[in-house]
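Below: one structure, written as structure tokens.
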Amino acid sequence: MRIGELAKRAGTTTRAVRYYESRGLLPARRAVNGYRAYDESDLRLLRQIRTLQDFGFDLEETRPFVECLRAGHPAGDSCPASLDVYRRKLTELDGLIDQLVSVRAHVGEQLARAEAFRAETEPLCEMTAVPVDE
């Protein structure tokens, strides 16, 4: 298949495909006519890259998965280097979750404090009679 079809089937752009090629993540094969040529294995590589990026992996973190797929491992994530990336990403995510939990607790405390202050300092709103122009 040509680059446009590959990009469309993978849900990305031809520009992204060329970028992945320039980074060595996708092969840069050419057909006899000079056009880039791809097959189903390239589509699989591209989908793996896109999925990992959608999950928050940066482009270099996808490299071990691509290499694992190229080595013939069906899921691309059973190689030692892929497992290491998973472990690092989980540690990173755990740190972010801890940080978010802390920020959430702080915001909740601030809200409770602000609501208590408002209840103590603001008078209750009462409906007032407004003269109606006749």
Side-chain angles (χ1 to χ4, degrees):
M1 75 188 89
R2 291 180 35 190
I3 191 169
E5 182 183 350
L6 176 71
K8 182 178 180 181
R9 288 181 63 190
T12 191
T13 64
T14 57
R15 183 177 179 184
V17 172
R18 286 194 284 287
Y19 180 68
Y20 299 149
E21 279 182 4
S22 75
R23 300 296 305 264
L25 293 168
L26 286 175
R29 291 186 303 269
R30 300 274 180 175
V32 178
N33 61 8
Y35 292 117
R36 286 175 167 88
Y38 302 95
D39 58 24
E40 293 298 318
S41 67
D42 299 320
L43 177 61
R44 190 167 172 196
L45 291 175
L46 186 53
R47 284 182 174 157
Q48 179 80 353
I49 293 166
R50 299 296 304 155
T51 298
L52 290 168
Q53 284 194 303
D54 289 346
F55 290 160
F57 289 71
D58 68 37
L59 192 56
E60 277 308 305
E61 288 175 320
T62 69
R63 189 173 300 280
F65 297 89
V66 168
E67 291 170 358
C68 194
L69 279 170
R70 285 183 180 155
H73 298 273
D77 63 358
S78 60
C79 297
S82 301
L83 296 172
D84 287 344
V85 172
Y86 274 153
R87 287 184 194 101
R88 283 193 306 271
K89 184 55 76 175
L90 281 175
T91 299
E92 178 186 324
L93 290 170
D94 288 341
L96 291 170
I97 289 167
D98 291 345
Q99 184 180 8
L100 286 172
V101 167
S102 175
V103 168
R104 187 187 189 291
H106 181 72
V107 170
E109 290 166 7
Q110 290 294 103
L111 174 61
R113 191 175 5 257
E115 288 176 333
F117 177 77
R118 181 171 186 236
E120 292 172 9
T121 60
E122 287 191 21
L124 294 175
C125 296
E126 295 181 20
M127 300 219 23
T128 57
V130 178
V132 178
D133 290 337
E134 292 182 31

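All values below were derived from every heavy atom in this structure, side-chain atoms included, with hydrogens, water molecules and symmetry-related copies excluded.
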In sequence, state the C-alpha distance, the side-chain angles, and the governing distance for R36 and E21, and then conclude on salt bridge (Lys or Arg N to Asp or Glu O under 4.0 Å). CA-CA 11 Å; R36 286 175 167 88; E21 279 182 4; 2.8 Å; yes
Apply the test salt bridge (Lys or Arg N to Asp or Glu O under 4.0 Å) to residues R63 and E60: give CA-CA distance (whole Å), side-chain angles for both, the deciding distance (0.1 Å), then the verdict. CA-CA 5 Å; R63 189 173 300 280; E60 277 308 305; 2.9 Å; yes
Ring pair (Phe, Tyr, Trp, His ring centres under 6.0 Å) partners of F55, counting only residues at least two apart: none
Determine the minimum heavy-atom distance between D42 and P27, stating which atoms define it. OD1-CG, 3.1 Å
In terms of heavy-atom contacts, does CZ of R30 have more than 12 from other residues, nucleotides or ligands at under 6.0 Å? yes
Under the side-chain contact (heavy atoms from CB on, under 4.5 Å) rule, what do T51 and F57 come out as? Steps first, then yes or no, please. CA-CA 9 Å; T51 298; F57 289 71; over 6 Å; no
Looking at R2 and Y38, what are the two nearest heavy atoms and their distance? C-CD1, 4.0 Å
Which distance, rounded to the nearest 0.5 Å, do you find between the SG of C79 and the CG of L69? 8.5 Å
Are L96 and V85 connected in a single hydrophobic cluster, I mean Ile/Leu/Val/Met/Phe/Trp/Tyr linked by side-chain heavy atoms less than 4.5 Å apart? no
Separation of T62 OG1 from Q48 CD (nearest 0.5 Å): 8.5 Å
Could you tell me whether the side chain of E61 reaches within less than 4.5 Å of the side chain of D58, counting heavy atoms only? yes
Do you reckon V66 sits in the same ILVMFWY cluster as L52, going by side-chain contacts under 4.5 Å, direct or chained? no
I'd like to know if the side chain of T91 and the backbone of R87 have a donor-acceptor N/O pair within less than 3.5 Å. yes
How long is the span from the CD1 atom in I49 to the CZ atom in F65, to the nearest 0.5 Å? 11.5 Å
Atom pair CG (L6) and CD (E40), whose distance is rounded to the nearest 0.5 Å: 9.0 Å
R9 and L46, any side-chain heavy atoms less than 4.5 Å apart: no
What's the spacing between S78 OG and H73 NE2 if we round to 0.5 Å? 5.0 Å
Could you grab the distance from atom CG of D84 to atom NZ of K89, nearest 0.5 Å is fine? 14.0 Å
Would you say Y19 and R15 are linked by a side-chain donor-acceptor pair, where the criterion is simply a distance under 3.5 Å? no
With E67 via side-chain hydrogen bond (donor to acceptor under 3.5 Å, both in side chains) - residues at least two apart: none
Does L45 belong to the same Ile/Leu/Val/Met/Phe/Trp/Tyr cluster as L59, with side-chain heavy atoms less than 4.5 Å apart forming each link? yes
Shortest non-hydrogen contact from G76 to S82? O-OG, 3.2 Å
Heavy atoms, side chains only, cut-off 4.5 Å: are V17 and T12 in contact? yes
